[in-house]
Amino acid sequence: MSAQKPNVKFIAIPTEHARHIQAGGKDENGLVPEKLISDGDGFPCRHCLKGIEKDEEVLVISYRPFPQKQPYAESGPIFLHSKTCEAHYSNGNIPDNIQSQGITLIRGYNSDNRIVYGTGKTIKSSDIKAEALKMFEADNIAYVHARSATNNCFTCRIERA
């Protein structure tokens, strides 16, 4: 029996961007990363999609998950490991770090990187894959963003596999 291909991919921020920031590069606002020490809870790295362990250094940056500035291209705070970490590899399963959020905000975007009105909603994080698949039934949805339901921080991008 062959393995079933995953029907969605959970995509973290690009490795090139993470390495730029981890090397002291500036963020979307032209600022060097702020540094904090993780208390072990609530610091999800947006590159490896894992939690940043207690007493590890955390980088806080402004991130814009869009190719260019435009009215719908939100930027906001995200966390990264200070040290290099492996990029998240999507096998189609919901990353533990996302599932543990409890509630996630999702919304669909079209191929012009504009919000498709009516797609934004908060859901149980464990339902994120099923909800993204429902969104992808519409031809005008190019991708979905998952965000923190409480702080609106970018979590990851979801694409059809």
Side-chain angles (χ1 to χ4, degrees), residues 1-23 25 27-28 38 41-53 56 58-68 72-116 119-161:
M1 189 163 120
S2 64
Q4 189 176 22
K5 180 181 175 186
N7 34 25
V8 297
K9 296 185 289 188
F10 294 90
I11 301 170
I13 71 165
T15 296
E16 308 78 51
H17 192 72
R19 296 296 182 257
H20 165 77
I21 296 297
Q22 290 164 332
D27 69 10
E28 303 299 334
S38 173
D41 187 40
F43 290 100
C45 178
R46 297 310 189 205
H47 178 249
C48 65
L49 299 184
K50 296 179 180 174
I52 300 173
E53 298 293 322
E56 281 190 82
V58 178
L59 301 177
V60 184
I61 66 164
S62 178
Y63 181 68
R64 185 187 74 234
F66 298 92
Q68 70 275 338
Y72 293 92
E74 298 172 87
S75 64
I78 64 167
F79 304 120
L80 289 175
H81 278 103
S82 180
K83 64 179 193 233
T84 59
C85 55
E86 291 295 317
H88 172 73
Y89 170 77
S90 182
N91 59 9
N93 295 328
I94 303 168
D96 291 342
N97 186 258
I98 294 171
Q99 192 144 307
S100 68
Q101 288 179 159
I103 301 291
T104 299
L105 168 65
I106 59 171
R107 61 179 167 243
Y109 291 82
N110 64 25
S111 59
D112 292 326
N113 300 300
R114 295 333 194 242
I115 294 170
V116 175
T119 61
K121 60 182 169 179
T122 54
I123 60 166
K124 286 188 211 173
S125 300
S126 58
D127 293 340
I128 194 169
K129 184 174 178 176
E131 291 290 335
L133 286 168
K134 283 182 198 172
M135 279 192 194
F136 288 138
E137 290 174 5
D139 291 339
N140 63 337
I141 303 294
Y143 59 91
V144 173
H145 274 182
R147 292 177 169 268
S148 163
T150 55
N151 298 309
N152 196 38
C153 302
F154 175 78
T155 301
C156 72
R157 178 174 166 140
I158 305 168
E159 294 180 356
R160 293 172 178 91

Student: Any chance you could measure C85, atom SG, to K50, atom NZ, to the nearest 0.5 Å?
Tutor: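 Answer for the SG-NZ pair, C85 versus K50, is 8.5 Å.
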
Student: Quick one: list whatever passes side chain to side chain contact (heavy atoms under 4.5 Å, CB included) with A87, sequence neighbours left out.
Tutor: T15, H47

Student: Does the side chain of N91 come within less than 4.5 Å of F10's, by heavy atoms?
Tutor: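 Counting from C-beta outward, F10 and N91 never come under 4.5 Å.
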
Student: Quick test of your reading: applying salt bridge (Lys or Arg N to Asp or Glu O under 4.0 Å), list the pairs with at least one residue in residues 81-100, sequence neighbours left out, ordered by first then second residue.
Tutor: E56-K83

Student: Strictly by salt bridge (Lys or Arg N to Asp or Glu O under 4.0 Å), give each pair with a member in residues 136-147 just once, sequence neighbours left out.
Tutor: E74-R147

Student: To the nearest 0.5 angstrom, please state how far the OG atom of S125 sits from the CD1 atom of I94.
Tutor: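 The OG atom of S125 sits 8.0 Å away from the CD1 atom of I94.
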
Student: Hey, are the side chains of N113 and Q68 touching, using non-hydrogen atoms and a 4.5 Å cut-off?
Tutor: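 Yes, side chains in contact.
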
Student: Among L80, I78, I61, L59, which residue meets the side-chain contact (heavy atoms from CB on, under 4.5 Å) test with D27?
Tutor: I61

Student: Which atom pair, heavy atoms only, marks the closest approach of Y63 to P14?
Tutor: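 In terms of heavy atoms, the two residues are closest at OH-CD, 3.4 Å.
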
Student: Which atom names give the shortest non-hydrogen contact between T122 and A149, and what distance separates them?
Tutor: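 Nearest heavy atoms, T122 then A149: CG2-CB, 4.1 Å.
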
Student: For T150, check side chain to side chain contact (heavy atoms under 4.5 Å, CB included) against everything at least two apart and list the hits.
Tutor: S148

Student: Listed by chain and number, what are the ring pair (Phe, Tyr, Trp, His ring centres under 6.0 Å) partners of Y72, not counting sequence neighbours?
Tutor: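 Once residues adjacent in sequence are excluded, Y72 has no partner under the ring pair (Phe, Tyr, Trp, His ring centres under 6.0 Å) criterion.
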
Student: Under the rule for side chain to side chain donor-acceptor pair (under 3.5 Å), what residues qualify as partners of K121, not counting sequence neighbours?
Tutor: E131

Student: Do the side chains of E159 and S90 get nearer than 4.5 Å, heavy atoms only?
Tutor: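 They are not in contact (no side-chain heavy atoms under 4.5 Å apart), so the answer is no.
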
Student: Determine yes or no for a side-chain-to-main-chain donor-acceptor pair under 3.5 angstrom, with N110 supplying the side chain and D112 the backbone.
Tutor: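 Yes, because the side chain of N110 sits within donor-acceptor range (under 3.5 Å) of the backbone of D112.
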
Student: Evaluate Y143 against F136 for ring pair (Phe, Tyr, Trp, His ring centres under 6.0 Å), listing each step before the verdict.
Tutor: CA-CA 8 Å; Y143 59 91; F136 288 138; 9.0 Å; no

Student: Quick one: list whatever passes ring pair (Phe, Tyr, Trp, His ring centres under 6.0 Å) with F43, sequence neighbours left out.
Tutor: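 Testing F43 for ring pair (Phe, Tyr, Trp, His ring centres under 6.0 Å), a comparison that skips the adjacent residues, returns F79.
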
Student: Can you run down the salt bridge (Lys or Arg N to Asp or Glu O under 4.0 Å) pairs that involve residues 13-23, sequence neighbours left out, and say none if there aren't any?
Tutor: none

Student: Using the six-membered ring wherever Trp is involved, compare the ring planes of H145 and F154 and label them parallel, tilted or perpendicular (cut-offs 30° and 60°).
Tutor: perpendicular

Student: With a 4.5 Å limit on heavy-atom distance, are the side chains of Q101 and T155 in contact?
Tutor: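 Yes, at least one pair of side-chain atoms sits under 4.5 Å.
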
Student: Kindly give the heavy-atom pair with the smallest separation between I158 and A146, and that separation in Å.
Tutor: CD1-CB, 4.3 Å

Student: With heavy-atom distances below 4.5 Å as the criterion, would you say the side chains of L133 and N7 are in contact?
Tutor: yes

Student: Tell me, please, which residues at least two apart from S100 pass side chain to side chain contact (heavy atoms under 4.5 Å, CB included).
Tutor: none

Student: Residues two or more places apart in sequence or in another chain: which of them pass side chain to side chain contact (heavy atoms under 4.5 Å, CB included) with A138?
Tutor: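 Listed in chain order: N140, I141.
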
Student: What pairs with S38 under side chain to side chain donor-acceptor pair (under 3.5 Å), at least two apart in sequence or on another chain?
Tutor: none

Student: Mind checking whether R64 and S62 have side chains closer than 4.5 Å, heavy atoms only?
Tutor: no

Student: Report yes if some heavy atom in the side chain of I13 is under 4.5 Å from a heavy atom in the side chain of P65; otherwise report no.
Tutor: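 Side chain of I13 against side chain of P65, heavy atoms only: no contact under 4.5 Å found.
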
Student: Taking all non-hydrogen atoms of both residues into account, name the closest pair between A142 and S111 and its distance.
Tutor: CB-N, 3.6 Å

Student: Looking only at heavy atoms, what is the nearest atom pair of K9 and R160, with distance?
Tutor: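 Reported closest heavy-atom pair: CE-O, 3.6 Å.
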
Student: Please find the pair of heavy atoms, one from A12 and one from R46, that lie closest to each other, and give the distance.
Tutor: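 Looking at all heavy atoms of both residues, the closest pair is CB-O, 3.2 Å.
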
Student: Evaluate side-chain contact (heavy atoms from CB on, under 4.5 Å) for Y109 paired with V116, printing each intermediate quantity in order.
Tutor: CA-CA 5 Å; Y109 291 82; V116 175; 5.7 Å; no

Student: For a 4.5 angstrom cut-off between non-hydrogen side-chain atoms, does V8 reach I128?
Tutor: no

Student: Quick one: list whatever passes ring pair (Phe, Tyr, Trp, His ring centres under 6.0 Å) with H88, sequence neighbours left out.
Tutor: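 Residues passing ring pair (Phe, Tyr, Trp, His ring centres under 6.0 Å) with H88: none at all.
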
